[in-house]
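All residue numbers refer to positions in the sequence shown, counting from 1.
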Amino acid sequence: MKRVLPPLNALRAFEAAGRLGSFKEAAAELHVTHGAVSQHVRLLEDWLGTPMFERHNRRVTLTPAARAYLAEIGPLFEQLSQATARYGMPQAVSRTLSVNAPATFTLRWLVPRLATFRAEHPDIEVRVETSNGPLEGLREDHDIVIRGGPDTFYGYAMHPFLTEERLPVCSPALLQRLPLRTPDDLRDHTLLHTSSLPRLWPDWLARASIPALRPAATLTFDHFYLSLQAAIDGIGVAMGPTALVSHDLAAGRLVTPFDSPRLPSRSYCSYVPDEKADDALVGLFRSWLEREGAAA
C-alpha cells in the first residue's frame with residue numbers, strides 16, 4: 001500500500017516551528033530564513049487543506065488540530081534522529097532541481113540571486129543549463145524552463161515572474177570622455193548590437209525621433225551578455241534590459257544617459273511540465289522566482 005506522506009521539508013519546518021513556538025527560532029535551528037519556514041508551513045497547510053497556525057501580529061500559535069498532529073509526529077522525528085545517530089547512516093542524497101534558462105538571463109539575473117535560494121533551501125541542488133532554443137526542441141526534460149512570454153506551450157503551465165524594459169546603457173567613464181546630453185549625441189558613439197536582436201537600436205532610435213542617426217561606429221556580438229560587458233568596459237553604448245542590468249546600475253558599473261524612451265519587452269516566465277505541476281520543490285523554486293522578480 002502506497003504511503004501518503006506530506007512534503008518532508010515542509011513537515012520538518014512545521015515540527016520545528018510547532019515545537020519551538022516560533023518561526024524565527026525554527027529558522028535559526030534549521031539554518032534557513034524566517035521566510036523559508038513560513039513558506040514551508042504554508043506548503044504543508046495547502047497539502048493538508050487546513051491551517052496549522054493562527055497568525056497574530058508578532059507571534060503564531062498552533063491550531064487545536066495542529067497540536068494533536070504535532071503530538072503524533074514529534075516523537076517520530078526524535079526516533080529518526082536517534083536511529084540515524086545510532087547507525088551512523090549517511091546524509092540523504094539531496095534532490096536535484098533541473099532548470100533551463102537563456103544564457104544572458106542566467107549570467108546576469110539568475111546566478112547573482114541563486115545564493116539566496118541556496119541559503120533558504122540548502123538541501124536542494126540546482127542544476128542550470130543555458131539555452132535559447134524553443135521548449136519543444138530541448139533534448140532532455142527539465143523541472144523548470146525559463147523563457148520569454150507569456151506564451152502557451154502544450155504540456156506546460158506558464159507563470160510570469162519578471163518584467164523589463166530596454167533603454168541605452170553605458171559606463172560612467174565613457175560619459176566623461178564623450179557626454180550624452182541628448183539622444184542626438186549618439187552620433188559620436190559606438191553602438192553595441194546583438195545579432196539575435198537586430199531591431200533593438202533601430203526601434204529605439206525611431207522612438208527617439210532620430211531614425212536616420214548614423215553613429216560613429218557599430219559593433220555586433222552574438223550574445224546579449226557580451227554587448228553588455230562591452231558597455232561596462234567603456235567600448236560603446238548598449239541597449240540594456242532593465243531587469244538584467246539592475247545590479248550594474250546599482251553598483252555604478254553602468255548608467256542610463258536617457259530615462260526615455262523605453263522599449264517594451266516580453267516578460268520572463270517559468271514553464272513547468274504538467275507532470276511536475278504538483279512537485280513541491282518545483283513549486284518552491286517557482287515561488288522564489290516570483291518573489292525575486294517582484295523585488296527586482
Evaluate the ring planes of Phe161 and Trp109, with Trp represented by its six-membered ring, and classify them as parallel (under 30°), tilted (30 to 60°) or perpendicular (over 60°).
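Tilted: the ring planes of Phe161 and Trp109 meet at 30° to 60°.
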Check whether any side-chain heavy atom of [X] lies under 4.5 Å from a side-chain heavy atom of [Y], and answer yes or no.
X	Y	result
Ile146	Leu289	yes
Met239	Leu192	no
Ile144	Tyr271	no
Leu228	Pro241	yes
Val126	Thr96	no
Glu45	Thr50	no
Ser287	Gln39	yes

Any side chain to side chain donor-acceptor pair (under 3.5 Å) involving residues 148-159? Give me the pairs, sequence neighbours left out, ordered by first then second residue.
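The answer is Asp151-Arg266, His159-Arg286.
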Please list all pairs passing the side chain to side chain donor-acceptor pair (under 3.5 Å) test where one or both residues lie in residues 171-187, with sequence neighbours left out.
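Sorted pair list: Asp184-Arg187.
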At what distance, to the nearest 0.5 angstrom, does [atom1] of [X] lie from [atom2] of [Y]?
X	Y	atom1	atom2	answer
Gln229	Arg253	CD	CZ	9.0 Å
Glu292	Leu162	CD	CG	10.0 Å
Leu186	Ile210	CG	CD1	6.0 Å
Asp233	Cys170	CG	SG	13.0 Å
His40	Leu284	NE2	CG	5.0 Å
Leu205	Arg199	CG	CZ	9.5 Å

Criterion ring pair (Phe, Tyr, Trp, His ring centres under 6.0 Å) on Phe221 and His223, from CA distance to verdict:
CA-CA 6 Å; Phe221 298 90; His223 289 291; over 10 Å; no
Evaluate the side-chain hydrogen bond (donor to acceptor under 3.5 Å, both in side chains) criterion for residues Thr220 and Ser195: first the C-alpha distance (whole Å), next the side-chain angles of each, then the deciding distance (0.1 Å), finally the verdict.
CA-CA 6 Å; Thr220 302; Ser195 57; over 6 Å; no
Check whether more than 12 heavy atoms from other residues, nucleotides or ligands sit under 6.0 Å from atom CG of Asp278, and answer yes or no.
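Counting other residues, nucleotides and ligands, CG of Asp278 stays at 12 neighbours or fewer.
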Atom CD of Glu275: over 12 foreign heavy atoms under 6.0 Å:
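Yes, enclosed.
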Is the side chain of [X] donor-acceptor paired with the backbone N or O of [Y] at a distance under 3.5 Å, no angle test?
X	Y	result
Trp204	Arg262	no
Thr104	Tyr225	yes
Arg147	Gly133	yes
Arg207	Ser260	no
Thr63	Ala66	yes
Asn100	Val145	no
Asp279	Leu281	yes

Nearest atoms (heavy-atom pairs only) where Pro215 meets Leu191
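Heavy atoms of Pro215 and Leu191 come nearest at CB-CG, 3.6 Å.
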Give the minimum heavy-atom separation between Pro183 and Ala208, together with the two atoms involved.
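Of all heavy-atom pairs spanning Pro183 and Ala208, the closest is CB-CB, 4.3 Å.
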Are Glu164 and Arg166 ion-paired here, with the side-chain N under 4.0 Å from a carboxylate O?
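Answer for the salt bridge query: yes.
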Can you see whether Thr106 engages Thr130 through a side-chain donor-acceptor pair at a distance of less than 3.5 angstrom?
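There is no such pair between these side chains.
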Output a table of donor-acceptor pairs, distance under 3.5 Å, between side-chain atoms of residues 5-22 and any protein atom two or more places apart or on a different chain; print 'none' if there are none.
| unit_1 | atom_1 | unit_2 | atom_2 | d |
| --- | --- | --- | --- | --- |
| Asn9 | ND2 | Asp123 | OD2 | 2.5 |
| Glu15 | OE1 | Arg19 | NH2 | 3.2 |
| Glu15 | OE2 | Arg19 | NE | 2.8 |
| Arg19 | NH1 | Glu29 | OE1 | 3.3 |
| Arg19 | NH2 | Glu29 | OE2 | 2.6 |
| Ser22 | OG | Lys24 | N | 3.2 |
| Ser22 | OG | Glu25 | N | 3.0 |

Quick one: are the ring centres of Phe224 and Phe105 less than 6.0 Å apart?
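Ring centroids of Phe224 and Phe105 are no less than 6.0 Å from each other.
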